[in-house]
Every structure is written in C-alpha cells, then in structure tokens.
Trainee: 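Pasting a structure here, questions to come.
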2 protein chains.
Amino acid sequence: MLQPDWNAVRALPLFRSMSEKTFTTLTATAVQQSFPQHVELITEGNTPDFLHIAFQGTVELFSVHNGHQATVDILRPMTPFILAAVIRDDVYLSLARTLTTTQLISIPAQSARDAFDRDLAFARAIADELAERYCDTVRSLKNEKLRTGTKRLANWILRADALQGNRRIIELAFGKRTLAASLGMTPEYLSRSLARLTRYGVRVHGRDIVIEDFQALERFANPNALIDG
Amino acid sequence: MLQPDWNAVRALPLFRSMSEKTFTTLTATAVQQSFPQHVELITEGNTPDFLHIAFQGTVELFSVHNGHQATVDILRPMTPFILAAVIRDDVYLSLARTLTTTQLISIPAQSARDAFDRDLAFARAIADELAERYCDTVRSLKNEKLRTGTKRLANWILRADALQGNRRIIELAFGKRTLAASLGMTPEYLSRSLARLTRYGVRVHGRDIVIEDFQALERFANPNALIDG
DNA sequence: CGGCGCTTTGAGGGAATTCAAACTTAGTGG
DNA sequence: CCACTAAGTTTGAATTCCCTCAAAGCGCCG
C-alpha cells in the first residue's frame, strides 16, 4: 500500500508556505484512500465534507444535464479539487470520477476552513489557488466559445506535446472517448477531426498521436497565450 | 459629480468584514473615475495596476481571437472585477469595456495585496469572492456546453424575469447585439431564436420581452439549479 | 426628410450531432 | 494460442445547429 508522501504534499503550492503547526494540525485528521478506475468520488449537489487532493492518478470533473455530459476539467496529480465548494461551504457543481487508479488525500472541510482562519500564509495560498482555477476556467470558456472543435483538438495536441517534452509523439493517458468529452465533442467527431488533421501532418497509431509537421499544425491551430496559457 | 458612496462600498461582501483600519488604508489611495459608454477600461495581456469596482453602470468582460469575440461575463453594479489578476499579479485574460456610463472605484493593486496580507477577514472575503467567480464561470461553461443557443436564451429570459421581480415583462438594459454576444451567438441567430420561442408564449416588442406562458417556457428551458444558480 | 445603426429575414453553407453499422482492440475462457 | 465477447473506435448518411453574407425593414436623430 502506497503511503501518502507528506513531503510531496508539503511541497505543493497550497501547503508550501503554511506554518509547521498548521500543516501538522491539518494533516493529523487527513485520511488517505485508494480508488479503482471509473469510480464516482463526489456527487453533484452535495455539500463537501472533505477537501480532496489526488496525489496519484487522474480525476475528471464533469456534469450531466438532459442526458448529455460535459467535462469541466481533468485534473493531473497533486491538484486539490472542489476547493471552491469547501471554502464557500456550498454544494458541488460537478461530479468527480476517477479515470485511473487514484490515491486520494482527504482533509476534513472544517479543518481546512479553520486553518484558513488561523494561518495567513495558507489563506494566501488558497486565494492563489482559487485565482488560478478561475483563470483556467475562463480559458476553457474562451477556448469553447472562440474555436471550432477541430481547432480545439489541434491546440490540445500542441499542449499535450509540450507537457510530454516536445517529443512530437503523444501517448494518450486515457481513451479517445474521454478525450472527446474533454474537448466538448462526440467520439465520432473526434475521429473525424483527427482525420482532418492528417492534412497538417498528424498521424494516429492506436493510442499514439504523431506530429510530423509541427509548423503546419501550429499554423492551423493558431495558439494564443491568453487561451492556452 | 457623483461621489463614491463609501458606505455602499463598505457594505459589499468584499469589504464588509475587514477592520476599520484596513478599510481606511485601502480607500485612502483609491481613486474614482467616470467613463462614458463603450469605453475600453482594461486591455488583455496587461498586468493590473488597480482593482476596479463598478459602483454604477454595467461592464462587459470579453475576449477576441481570430476576428471573433466572446463575452466572458457581464457585471452588474458593485461587482469587483479582475480580482484574480490582481491577486496573482498576472496578466488579464479579458478586455473590459463599459456598456453604459460607468462610475469606477479603483484601488491600487499593491494596496489590495498588502491589505490581504494584514487583514484575515479581508483575505477570507477575497477567497469567498474568488470562489464565487469560479463557480459562476463553471456554470457558464456548463451552460455553453450542455445547451443549445435557443435553450440558453430561454433560461436567460427566466433568470432575467426573476431578477426583475417576476413581472413577466423584461426590459433589456442593453441592445440585442450585446445580449447575443453574452449568450454566445450571432445577432441573427438571436433573432431567429426569439422567433422560435413564440411557440412557448414569448413575445417581443422592441426592447421588451413578454412571457405569456411561463409554464410552457419553463418546460422548454428546463432550468437546472447547478447551472443557473 | 435623409441617413445611420440596429434588427429582422432570406438563402446557402459549414460545423457538429444522431443513429446505425462495420471494424478494431483488449480481455476472457477454453 | 486461439476463439469469443464486449468495449472502444471509425465510417457513412441524414439531420440539426449555427454562422456568413446580403438585402430589406425599422427606429432614432439631426
């Protein structure tokens, strides 16, 4: 069983600058749990009992309405989530589910709020984190409103490549079905969009996406620092 | 010349709970300015010098990419804006422009950050405000992804009616052009969407929108507490 | 009255979805 | 190791959603 790596947690932006005392108090009541793939972690419309941090695995935030689904965010490891609901002590706006096996650290919501009120450094870290999540969501909104599906895909590929070290080969960490949802399109349309990007040197082999002509793809994608970060 | 109503500012959620001392310090350096219609207040990509609060008038946050525009938010009076950029001391992600004549209170960004670090009550208020803006943006994202344009319009009408006191008559505070942008559609499509809502008892007379059959409209709109707040 | 901007209407097209069917992949049990 | 199944992915055809461009109608102000 993997133990939570408290040193790694301590190094997170959210926990880095707080006092040792606050950190000890905060983590004393924290619990750690492991979840398999495709498990629902939290449900829409509930009030949060815990602040969660996935320190291993990938978590998807999504929402359901009228028989349709929309991905709100996909969280890489070490991102705290539902922070806003914890701070406001208000209902979640999304469901969260694991995309992979996931190790979660959960801090009682009340502990987090108490720590906020006692430790200014923590308060600032929370505000920073919230501001960042806000900015990310504004970016998503702009991405959604200002680009077509195929352009969103092209920019996603560029970003994924950069995150994986500019090797011009991207290995998908999850299925195309999930990728499609996170790009706001149907799996069928993702397939067609990928086919269309062939024109700009994008090849697909199973779970690998290869960029054969970076320049052409970038010209088509037309990335924007104020959308793609 | 209208003087800023410091009592009203003091009553805002953001300023309500801070100490008298912090409030005095914060507002000592604040400036007040008046702007006419359709003026650009801030530009994308710059770093904020001030935290702005519109205490009279309406401000639109929007963004431009590739010859297209997208409205990010329309702010009612007394909403502080660009708070996230001020806290992070990072670039704006959007442009802001006045939709009407607007009175602005502007607090130097560094003052705001200093106050944050000295006054825990203010820090908490900032975090609350940020969490709320984050939630609002998530709602927008869901609204955009999960509904068609005509459904967004139907829900917008229901909400506008509730805000104006359930009188079943809505008076537009701005032109249809702006409404279309804020709903993420072209003016032409808004016009067609309004025509389509005739089927559910919606009549348009110039700048007035009349709901003749609330039930039918609500049935079509299918509002959702986790999207529409 | 004339002009200007905003809104509506019309025609056509591109973007994205649905539904259905073929195909591929991965996992399971023999 | 192979066959079988179930799931994920691709392809095709039809449809809906929404946009563009162009022209006409409306409202407001000089």
Trainee: Would you mind reading off the distance between A:Arg152 atom CZ and C:dA15 atom C1', rounded to a whole angstrom?
Mentor: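 Going from CZ in A:Arg152 over to C1' in C:dA15 covers 10 Å.
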Trainee: Measuring to OP1 and OP2 of D:dT9, would you say a side-chain N or O of A:His205 lies under 4.0 angstrom away?
Mentor: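 No, A:His205 has no side-chain N/O under 4.0 Å of OP1/OP2 on D:dT9.
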Trainee: From the set C:dT8, D:dT10, C:dT17, return the single nucleotide nearest to any side-chain atom of A:Lys176.
Mentor: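 In terms of side-chain proximity for A:Lys176, the closest of C:dT8, D:dT10, C:dT17 is D:dT10.
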Trainee: Measure from the side chain of A:Thr150, starting at C-beta and using heavy atoms only, and say which of D:dC17, C:dA16, D:dT20 lies closest.
Mentor: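 Of the options given, the side chain of A:Thr150 lies nearest C:dA16.
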Trainee: With no hydrogens and no angle check, just 3.5 Å: does a side-chain donor-acceptor pair link A:Glu44 and A:Ser63?
Mentor: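 Present: a donor and an acceptor within the cut-off.
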Trainee: By the 4.0 Å heavy-atom rule, please label A:Gly67 as base, sugar-phosphate, or nothing.
Mentor: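 The answer is nothing, as A:Gly67 stays clear of every strand by at least 4.0 Å.
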Trainee: How many Å lie between CG on B:Leu190 and P on D:dC17, as a whole number?
Mentor: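 Checked: the CG to P distance equals 16 Å.
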Trainee: Can you say whether a donor on the side chain of B:Arg192 sits under 3.5 Å from an acceptor on the base of D:dT20, or the other way round?
Mentor: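 Such a pair exists between side chain and base.
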Trainee: Closest approach to the side chain of B:Ser191, judged atom by atom: which nucleotide of D:dC17, D:dT11, C:dT9 is it?
Mentor: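 Per side-chain heavy atoms of B:Ser191, the pick is C:dT9.
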Trainee: How close or far is atom P of D:dC28 from atom CZ of B:Arg207, stated in whole angstroms?
Mentor: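 In whole Å, D:dC28 P and B:Arg207 CZ are 9 Å from each other.
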Trainee: I want to confirm an ordering. Mapping B:Thr148 and A:Pro187 to their closest nucleotides on DNA chain D, which one lands closer to the 5' end?
Mentor: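 So the residue in question is A:Pro187.
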Trainee: Take atom CG of B:Leu197 and atom C1' of C:dT8, then tell me their distance rounded to the nearest Å.
Mentor: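 These atoms are roughly 16 Å apart.
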Trainee: May I have the distance from B:Met185 (atom CE) to D:dT20 (atom C1'), rounded to whole angstrom?
Mentor: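 Taking atom C1' of D:dT20 as the reference, CE of B:Met185 is at 16 Å.
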Trainee: Tell me: CG of A:Asp208 to P of D:dT9, nearest whole Å?
Mentor: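 About 14 Å, once rounded to whole Å.
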Trainee: Of the nucleotides D:dA13, D:dT9, C:dC6, which has the atom closest to the B:Arg177 side chain?
Mentor: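 Minimum distance to the B:Arg177 side chain belongs to C:dC6.
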Trainee: Is it true that the side chains of B:Ser193 and B:Thr150 contain a donor and an acceptor less than 3.5 Å apart?
Mentor: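 Yes, side-chain donor-acceptor contact under 3.5 Å.
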Trainee: Give the rounded distance in Å between these two atoms: CZ of A:Arg196 and P of C:dA15.
Mentor: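 So the two atoms are 6 Å apart, to the nearest Å.
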Trainee: Phosphate oxygens OP1/OP2 of D:dA7: is one of them under 4.0 Å from a side-chain N or O of A:His38?
Mentor: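 Result: no.
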Trainee: Above 12 or not: heavy atoms from other molecules or residues under 6.0 Å from CZ of A:Arg76?
Mentor: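 It does not: A:Arg76 CZ has 12 such atoms or fewer within range.
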Trainee: B:Tyr189 has an atom OH; how far is it from atom P of C:dA11, in whole Å?
Mentor: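 My rounded result for the distance is 18 Å.
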Trainee: Going from CG on A:Asn66 to CG on B:Asn222, what distance comes out if it is rounded to the nearest 0.5 angstrom?
Mentor: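 Result: 5.0 Å between the selected atoms.
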Trainee: Looking only at side chains, do A:Glu60 and A:Thr71 share a donor and an acceptor under 3.5 Å apart?
Mentor: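 Indeed, the side chains of A:Glu60 and A:Thr71 share at least one donor-acceptor pair under 3.5 Å.
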Trainee: Is there a donor and acceptor pair, one atom on the side chain of A:Glu188 and one on the base of C:dC19, closer than 3.5 Å?
Mentor: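 Per atom types, the contact qualifies.
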